[in-house]
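In what follows, chains are A, B, ... by sequence order, proteins preceding strands, each numbered from 1.
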Number of protein chains: 4
Amino acid sequence: MYTYQRTIHFADTDAAGVVFFPNFLAICHEAYEESLSAAGIELNTFFGAHDVLVPVAGCTAEYLRPLASGDRISVVLTPRPAGADGYAIDYEIRRLGPPEKLAARVRTEHVCISARTRERQALPAPLAAWLAHDA
Amino acid sequence: MYTYQRTIHFADTDAAGVVFFPNFLAICHEAYEESLSAAGIELNTFFGAHDVLVPVAGCTAEYLRPLASGDRISVVLTPRPAGADGYAIDYEIRRLGPPEKLAARVRTEHVCISARTRERQALPAPLAAWLAHDA
Amino acid sequence: MYTYQRTIHFADTDAAGVVFFPNFLAICHEAYEESLSAAGIELNTFFGAHDVLVPVAGCTAEYLRPLASGDRISVVLTPRPAGADGYAIDYEIRRLGPPEKLAARVRTEHVCISARTRERQALPAPLAAWLAHDA
Amino acid sequence: MYTYQRTIHFADTDAAGVVFFPNFLAICHEAYEESLSAAGIELNTFFGAHDVLVPVAGCTAEYLRPLASGDRISVVLTPRPAGADGYAIDYEIRRLGPPEKLAARVRTEHVCISARTRERQALPAPLAAWLAHDA
């Protein structure tokens with residue numbers, strides 16, 4: 001489990017005055033990047049160095065409450081192992097209070113593939129360690 | 001059924017060189033806007049005029065093939081009625097060929113609520129007509 | 001002068017592997033929002049409450065060094081009064097080091113107008129106070 | 001001179017109900033991509049094939065009128081040579097009418113550099129031809 005906090009920015013919103021629904025997923029990806037970074041994994045160099053990609057193969061989102069510019073939020077992220085070559089990540093996005101309110105639940109599914117052959121392959125050790133630590 | 005075509009732009013991509021996964025949902029929303037517009041419904045004024053909101057309550061996406069800047073795509077959109085006060089929309093995103101390839105499947109779920117009370121309410125007639133026509 | 005720090009995220013980048021040039025402006029706007037928030041001004045409610053808008057009338061940017069996902073940056077923001085009804089804001093975006101490097105210089109120009117008549121009008125007192133404090 | 005038309009989408013807007021100012025630049029870049037594509041230059045492969053980058057070194061924007069979701073716009077793009085190794089591009093963004101209204105003027109400045117050494121270098125022939133044709 002890893003917790004990421006940030007503020008909703010104007011750039012996250014749309015003309016309905018609240019966060020545009022695809023942007024919840026971008027915010028979850030930020031939390032994922034921070035969680036990897038906290039485990040010493042830098043997205044920018046890690047995948048190239050290990051010759052792998054871990055693309056998002058699927059996602060689901062359930063939107064419970066709108067978020068507006070200026071709202072303080074927390075994203076609680078829990079990775080779930082899925083075989084030797086993948087994982088899912090569950091996210092709970094809460095608007096900090098008082099009172100604190102659950103705003104959305106998101107899940108992303110990731111599959112590890114070779115950058116060269118695009119065949120599935122086992123997670124590199126540091127990624128497996130991150131998964132074991134945060135799960 | 002409604003078909004929307006566009007080109008993948010640089011702004012849709014990320015440092016992995018392909019479309020950032022949340023942006024598939026933004027592209028689907030463009031197709032939805034165009035489909036409503038083709039039925040005479042302008043997002044910008046319609047909801048205010050009818051005092052309703054139809055927020056996205058949930059979505060799912062399955063990513064099958066990456067898309068790159070310059071790719072020509074089609075988005076085929078099929079709305080599905082879901083009671084008197086909601087609908088789902090299925091999207092198939094294809095990279096135009098030859099050969100044409102399915103790149104992603106997306107579903108968004110929409111619920112019609114009063115802009116004032118936020119209680120569920122029946123779809124305004126023009127939206128019900130769009131749904132009946134495109135389904 | 002106000003300093004904002006954040007990390008470059010994957011969502012900020014494009015297929016060239018670095019931050020997409022319009023996103024530097026969005027990052028500057030985040031710094032501006034944080035600076036206003038630190039002065040007790042919430043974008044989300046302030047302008048409606050004072051019946052004014054302060055749209056961006058112009059901007060310039062000079063890009064000196066690319067930024068990549070994972071880079072830690074600081075944005076130093078300095079507002080500059082421009083008459084009774086406007087201001088400019090200068091931003092310096094630095095990649096934190098070592099060594100620290102200037103990555104971009106941005107300026108945005110803002111004009112205060114009535115939300116009703118769209119005529120220029122004097123800055124509301126809290127905004128004038130923020131300007132006097134941070135300039 | 002090259003003319004690009006498109007519709008303003010919900011994703012372009014922010015909580016002020018109109019296009020977020022950095023997104024005007026992203027829309028201009030779309031017009032640039034389309035203009036290059038019309039000249040047979042695909043951003044996705046061209047720069048890699050010629051081992052060059054043509055990053056945006058600077059930009060200016062003047063915002064004259066807000067644009068809202070659903071607005072039809074045209075972007076008229078005129079490239080301007082700037083030595084053997086660079087060019088500027090002027091953009092006029094108009095909201096199509098009637099009546100047609102100028103919404104923004106944008107300029108981007110581009111410098112051609114070697115992807116390997118990052119030294120300035122002359123424009124590849126197809127890019128020089130595009131510049132001569134559209135200027």
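If you measure heavy-atom distances from A:Phe47 to chain B, you find no contacts under 4.5 Å at all. For chain A, no part of B:Phe24 is nearby; none of its heavy atoms comes within less than 4.5 Å. There is no contact between A:Ala15 and chain B, counting heavy-atom distances below 4.5 Å. Residue contact with chain A, scored on non-hydrogen atoms closer than 4.5 Å, involves the side chain of B:Arg118 exclusively. Proximity to chain B is absent for every atom of A:Pro55, based on heavy atoms less than 4.5 angstrom apart.
When the candidates A:Arg105, A:Glu62, A:Glu109, A:His29 are compared by the number of heavy-atom contacts under 4.5 Å with chain B, A:His29 comes out ahead. Each of A:Thr60, A:Leu53, A:Asn23 has some count of heavy-atom pairs under 4.5 Å with chain B, and the biggest count is that of A:Thr60. When A:Pro22, A:Ala104, A:Ala16, A:Cys28 are compared by the number of non-hydrogen pairs under 4.5 Å with chain B, A:Pro22 comes out ahead.
Using a 30° and 60° split on the angle between ring planes, A:Tyr32 and A:His110 fall in the tilted class, from 30° to 60°.
Under the 4.0 Å criterion applied to side-chain N and carboxylate O atoms, B:Glu30 and B:Arg6 are assigned as salt-bridge partners.
Checked by atom type and distance alone, the side chain of B:Tyr91 never pairs as donor or acceptor with a backbone atom of B:Thr78 at under 3.5 Å. In this structure a side-chain-to-backbone donor-acceptor pair under 3.5 Å is present from A:Thr13 to A:Phe10.
Taking the six-membered ring where the residue is Trp, the centroids of B:Tyr87 and B:Trp130 are separated by under 6.0 Å.
Considering all non-hydrogen atoms of both residues, A:Phe46 and A:Ile41 come closest at CG-CG2, 3.5 Å.
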